[in-house]
Participant: 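To start, I am sharing the structure in question, which I have written as structure tokens.
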2 protein chains.
Amino acid sequence: MPAQMPAIPWHKPRKADPRQPLSRSLIVDTAIRVLDAEGLAGVTMRRVAQELGTGPASLYAHVSNKEELFDLMLEQVTAEIRLPLRPEPERWKDQITEICFEAQRVLTAHRDVALVSLGSIPVGESQLRITEFLLDLLLQVGLPPQVAAWALDALGQIIDTDAYEAWVYNERLARGTDLGAYFDQLRGYLHDLPAERFPTLQRMADAMMEGDGDQRYAFKIEVFLRGLESFLPANAPTPTPPAAAPDRPGPASDDQAWHGPTGGAAGAAGAGG
Amino acid sequence: MPAQMPAIPWHKPRKADPRQPLSRSLIVDTAIRVLDAEGLAGVTMRRVAQELGTGPASLYAHVSNKEELFDLMLEQVTAEIRLPLRPEPERWKDQITEICFEAQRVLTAHRDVALVSLGSIPVGESQLRITEFLLDLLLQVGLPPQVAAWALDALGQIIDTDAYEAWVYNERLARGTDLGAYFDQLRGYLHDLPAERFPTLQRMADAMMEGDGDQRYAFKIEVFLRGLESFLPANAPTPTPPAAAPDRPGPASDDQAWHGPTGGAAGAAGAGG
DNA sequence: TCTTCTAACGAACACTGTTCTACGAGCCGA
DNA sequence: TCGGCTCGTAGAACAGTGTTCGTTAGAAGA
């Protein structure tokens with residue numbers, strides 16, 4: 001902060017500090033600053049207002065809700081996610097993996113902002129930008145349109161959920177919890193489970209604890225991409241006949257037949273991250 | 001509620017109402033009743049205490065935290081999830097799909113309780129019960145141990161996240177939002193996107209909106225299971241070499257070599273649902 | 001110069017989780 | 001039977017929260 005000039009005495013100060021006037025984007029920027037410093041729970045209307053040298057009521061002239069403010073913050077953060085120059089279908093799995101890690105990098109850089117994304121439908125410009133890129137890529141690969149469309153849904157969930165859990169993990173670390181001891185405890189707890197009721201779990205305790213967050217994240221993405229791959233027309237005769245929901249008709253394996261009209265309302269799914 | 005008998009005058013009432021004394025399980029049961037009626041946000045210490053005819057401070061003798069109360073509630077709810085009698089490896093995909101839908105049925109029956117599960121490591125008895133079953137099943141199928149272990153992680157995430165999103169969807173419905181009009185709006189919004197920036201998305205608007213929550217859920221599970229399937233030793237020469245995180249070593253495709261010591265701390269992942 | 005409009009804001013409302021402290025009933029040893 | 005002690009209970013309070021109301025003060029338009 002540069003040294004402040006003394007106020008000219010006969011200029012009665014407009015507000016106590018002649019800041020730039022309040023605006024939506026200024027509020028959002030400030031809120032993100034608070035978010036980065038203290039996490040989502042620290043972003044209160046009072047806290048943001050205080051940072052702007054005003055009261056909470058003033059914010060409501062530019063933002064109708066705390067929820068709306070959160071949405072705006074998410075959109076702003078999402079804009080930071082960089083995408084490759086163009087889709088490269090010949091290495092689509094690598095490219096998607098890279099995007100997933102880029103998204104996680106950006107999301108976790110802003111604490112637990114991913115939590116905002118979890119229940120919301122991505123309609124912001126930046127979110128659609130990512131959706132557009134991925135959708136284009138998946139179609140170029142040759143996936144059936146409906147598979148590609150629904151895959152975005154799932155991809156967004158993976159990204160958001162993992163970003164959130166990565167934050168939980170980091171938070172515990174930052175709060176001074178000795179994670180080494182914590183996980184040793186957990187491992188011991190699994191080992192000490194009654195063998196007659198939890199034989200497998202007890203035997204697999206070490207495997208359950210294996211791998212850090214990034215490895216597990218990479219695994220989830222890999223499994224998901226391999227699953228997608230099985231929907232490629234080339235792999236049409238899939239290893240096993242595709243299962244579906246217990247009673248409802250699940251996704252069939254015939255490829256182009258996907259775009260069929262079943263006429264249901266869309267689910268409340270959040271793709272795009 | 002049955003008609004209350006008048007209090008016998010010469011019996012001075014113990015507290016104003018001669019309820020059974022406070023206890024952990026009574027508090028949890030009451031909290032779940034409030035949860036079912038008003039959602040997780042409605043579960044406040046005051047609200048639960050009021051339901052028990054007492055003040056909020058009284059709860060803290062049996063429950064150290066609101067967070068702990070939430071964990072106990074989750075554990076209690078998870079206990080409702082029914083499992084098949086025994087693993088049937090020959091139809092493992094169907095069985096897992098059934099369990100996923102059973103879990104979602106129970107979770108969504110209790111509003112947004114799934115939110116509690118999202119950031120927490122599943123160590124409760126009921127959660128471990130499910131983990132034990134699934135782990136056993138996956139190993140019997142012949143999946144490499146480490147793949148099976150990490151798969152539980154991913155499965156838990158799918159279940160929790162989808163249950164939460166299903167609740168968001170149902171909530172909007174319950175709050176009187178006309179979802180038909182809402183999704184029509186959304187569809188129109190996608191259709192009206194500038195074609196030069198979002199050509200694919202615009203073209204695919206209908207496919208993006210296709211399918212209700214259950215169909216999308218079934219699709220995610222199916223993709224995941226097909227991905228898992230590709231890790232079966234029989235399928236060892238997978239269509240493409242397994243990709244990994246950009247710089248880190250991802251899961252290799254050799255099967256039994258998994259149980260290796262990489263020595264990292266476990267991630268903050270929540271499996272089990 | 002006077003009016004009109006609107007962004008800004010102080011104060012307040014109805015809440016929240018949690019803690020402190022006093023109260024009072026039940027049990028135990030004498 | 002009686003004191004003393006423990007421990008579950010609960011009222012009040014603290015420091016917060018999101019949001020709204022009614023007022024004010026500054027700028028724009030006539």
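Reminder, nothing fancy here: chain letters follow the sequence lines and each chain counts from 1. Note: hydrogens, waters and symmetry copies are ignored here, and every other heavy atom, side chains too, is used.
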Participant: Applying salt bridge (charged side-chain N to carboxylate O under 4.0 Å, His left out), can you list everything that pairs with B/R33, at least two apart in sequence or on another chain?
Facilitator: B/E51
Participant: Return the set of residues passing side-chain contact (heavy atoms from CB on, under 4.5 Å) with B/D36 (not counting sequence neighbours), or none when no residue passes.
Facilitator: B/I32, B/H110
Participant: I need the CD-C1' distance between A/Q50 and C/dG10, as an integer number of Å.
Facilitator: 16 Å
Participant: Does the side chain of A/E75 come under 3.5 Å of the side chain of A/S126 through a donor N or O and an acceptor N or O?
Facilitator: yes
Participant: The criterion is side-chain contact (heavy atoms from CB on, under 4.5 Å); which residues satisfy it with B/D192, sequence neighbours excluded?
Facilitator: none
Participant: Do B/R46 and C/dG17 share a donor-acceptor pair, side chain to base, under 3.5 Å?
Facilitator: yes
Participant: Measure CD/A/E67 against P/D/dT17 and give the value in whole Å, please.
Facilitator: 19 Å
Participant: Whole Å only: how far is the CZ atom of B/R47 from the C1' atom of C/dG17?
Facilitator: 17 Å
Participant: How many Å lie between CZ on B/F70 and C1' on C/dT18, as a whole number?
Facilitator: 14 Å
Participant: For B/Q157 and A/Q157, which I'm curious about, is there any donor-acceptor pair between the side chains at under 3.5 Å?
Facilitator: no
Participant: Roughly how bent is the helix from C/dT1-D/dA30 to C/dA30-D/dT1 end to end, in steps of 10 degrees, with each end axis from five pairs?
Facilitator: 10°
Participant: Would you please confirm or rule out a distance under 4.0 Å between OP1 or OP2 of D/dT19 and any side-chain N or O of A/N65?
Facilitator: yes
Participant: Could you list the protein-to-nucleotides 20-23 of chain D atom pairs, N/O on both sides, closer than 3.5 Å?
Facilitator:
none

Participant: Any donor-acceptor pair under 3.5 Å linking the side chain of B/Q50 with the backbone of B/G55?
Facilitator: no
Participant: Mind checking what makes salt bridge (charged side-chain N to carboxylate O under 4.0 Å, His left out) contact with A/E125, not counting sequence neighbours?
Facilitator: B/R197
Participant: Separation of B/L59 atom CG from C/dT16 atom P, in whole Å?
Facilitator: 13 Å
Participant: Would you say B/S58 reaches D/dA10's phosphate, i.e. side-chain N/O to OP1/OP2 under 4.0 Å?
Facilitator: yes
Participant: Let me know the distance between CD of B/E68 and C1' of C/dT18, rounded to the nearest Å.
Facilitator: 14 Å
Participant: For the backbone of A/I159 and the side chain of A/Y164, can you confirm whether one donor and one acceptor N or O come within less than 3.5 Å of each other?
Facilitator: no
Participant: Both B/K66 and A/H62 contact DNA chain C. Which one's nearest nucleotide lies toward the 5' end?
Facilitator: A/H62
Participant: Quickly work out the A/M45 CE to C/dC15 C1' distance and round it to whole Å.
Facilitator: 16 Å
Participant: Looking at every strand, decide which applies to B/T44 at a 4.0 Å heavy-atom threshold: base, sugar-phosphate, or nothing.
Facilitator: sugar-phosphate
Participant: Is it true that, when you exclude A/R105 itself, more than 12 heavy atoms of the residues, nucleotides or ligands shown sit nearer than 6.0 Å to its CZ?
Facilitator: yes
